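In what follows, a structure is listed as structure tokens, so that the remarks can point back to it.
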Amino acid sequence: MAAGQQQQPITMDTFLVGLWRENPVFVMLLGMCPVLAVTNSVANALAMGLATTFVLLCSTGMVSILRSVIPKEVRIAAYIVIIATFVTVVDYLIQAISLEIYNALGAFIQLIVVNCMILGRAEAFASRNRLSRTMVNSLGMGIGFTIALLCLGSVRELLGSGELLGYPVFGAAFEPWVIMLLPPGGFFVLGGWLLLFAWIKERQQQRAVRQRTEEAGHDVR
Amino acid sequence: MSQAKGTDNKASEANGANGVTESTANQAVQQPDHAHAPAPTSSLKLIATLGLIALLSGLLVVSVVEATRSAIAENHRIALERAVFEVLPGAVNRVDFIVSEDGLAPVRGSEESTTDPKAQRIHAGYDADGALVGVALSGSGRGYEDVIRVLYGFDPQRERIIGMTILSSRETPGLGDRIESDERFLASFRDLAAALADDGEGLAHTIRTVAPGAAAAPGEIDGITGATVSAEAVGRIVNHSAQQWVPRIVPHRDDLQIDLEEVLQAAPADDEDDEDDEDEADGGVTGTPVIEGER
């Protein structure tokens, strides 16, 4: 099976799968801890998304390069060491870029290590695919993750503090819904988005079924 | 488990394309006892692979730490600088002082390395005319979620606190974090009595947070509705810190009246202070006397 996949070409789908069909947050529900914890503002969501994407790209790339060297017995340990290395790198880079972002993200940068989305990609994709294909897939997954974080972050910031990226959106009369910034707000907004996506999917399926039956009806007539 | 792995390896062998090194290595081991579960990869190889990966990781981390060290130190320095000028309204120049038993001594660049590690540093701010505005002192303690670190300005002549800012906190967003933004709470710190007690030990009045709008007695701070715990924690932290600092500074307050020109001229060029800012990570200390005009 591994050999079969290796021959697979890089298609648009390799990239897009992470954005929609296997979106790590909205479809696979992976890495929920940072998703719920740091998405109380757009800026935090963006920083977390980019940091995770960086770690994802670097570590799956490394896993893909080393996939034939790493013995099966210790592969998980090896993946975790690789992921932890890049998380430490990102931790220092963010400190060097902006202390404000670093303070806002707090412990969640270090916790990228245990984001199961990254370990999942390393195990399920990078360890079986060549470097270029892995990178394309990881980029798609990273962007999908970032978009999902932004979806949550923008709604929570808008409702929770009446601002978007720090700029006031509503007038002074707007009373912020503080709960949206607190952990329960994260669950509410995530639930809302999941509902929306499930609804869209269902409609797509229904339409497909209806089309098929209509075509079938035509044939009979 | 090993059974499963054996079949796994076989499968990849059969397919041929994946893991050439691995399958050839295993082939030799597997050949003799074909019928039984094949032997797993030798421990030596496992240790060697993990060791190699760990070694490379270590190298990468060390080089990144080295590469970002000066930028991080600079960020901490700028953050502290901003905070010092924020709690000392009107200050445009800053000189660090070493606090010791005999009084306060301004830090000149050359004394950097010779200072006693136990000596503590404070940051004094002077206005455009060279008159002392106050000193910036730091304190920290438990908040609602995590340690809160504060920096506050103290005017030793009037024995009052003249400003306060939160250096770091993880209080609840929207509730506890209003200690950083609540106008009435912060205003309490712009003119807060912190007089030295008559016996020279600690403050004449305890600094504490009371109910919102109830501050009347000296040393009382207006609390914040919905952020009671955090606001009280800040009051407690400032009190604890001032109880220790004020008796050490007020008796020596004349030492702070320095000829600003002279000290600033004694300061070396600013460009070397990237190297010696290591202890900044734990909060509060900077290198050479810094002359910063702009805020």
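We name chains A, B, ... by the order of the sequence lines, and we start the count at 1 in each one. If you're wondering where the values come from, they're calculated on a predicted model, not measured in any experiment.
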Checklist entry - Run the side chain to side chain contact (heavy atoms under 4.5 Å, CB included) check on B:L50 and A:I70 step by step: do they pass? => result CA-CA 8 Å; B:L50 274 187; A:I70 299 173; over 6 Å; no

Next on the checklist: Could you check whether atom CD of A:Q110 has more than 12 heavy atoms from other residues, nucleotides or ligands sitting under 6.0 Å from it?
Outcome noted: yes

Item to check | A:S98 versus chain B, the contacting section by heavy-atom distance below 4.5 Å | outcome: backbone

Checklist outcome for this item: d(B:L60 CG, A:I82 CD1) to nearest 0.5 Å is 11.0 Å

Next on the checklist: To check you understand the geometry: which heavy-atom pair defines the closest contact between A:A96 and B:N75, and what is its length?
Outcome noted: O-ND2, 2.8 Å

Checklist outcome for this item: Bottom line for A:Y102: the part with an atom under 4.5 Å from chain B's heavy atoms is neither

Checklist outcome for this item: One should read off an interatomic distance between A:M62 CE and B:I53 CD1, to the nearest 0.5 angstrom, of 8.5 Å

Item to check | Whether over 12 other heavy atoms sit under 6.0 Å from A:Y92 OH | outcome: no

Item to check | CD1 on A:I94 to OG1 on B:T68, rounded to 0.5 Å | outcome: 11.5 Å

Checklist entry - Which heavy-atom pair separates A:L99 from B:A79 by the least distance, and what is that distance? => result CD1-CB, 4.1 Å

Item to check | Minimum heavy-atom distance B:A54-A:V81, with the two atoms named | outcome: CA-CG1, 4.2 Å

Checklist entry - From B:S42 OG over to A:E73 CD, what is the distance, rounded to the nearest 0.5 angstrom? => result 9.5 Å

Next on the checklist: How about CG on B:L44, more than 12 heavy atoms from neighbouring residues, nucleotides or ligands closer than 6.0 Å, or not?
Outcome noted: no

Checklist outcome for this item: Minimal heavy-atom distance between B:T49 and A:V69, with the atoms involved, is CG2-O, 3.8 Å

Item to check | Region of A:I179 in contact with chain B, defined by heavy-atom distances below 4.5 Å | outcome: neither

Checklist entry - Considering only heavy atoms from C-beta outward, does the side chain of B:V64 approach that of A:T88 to under 4.5 Å? => result no

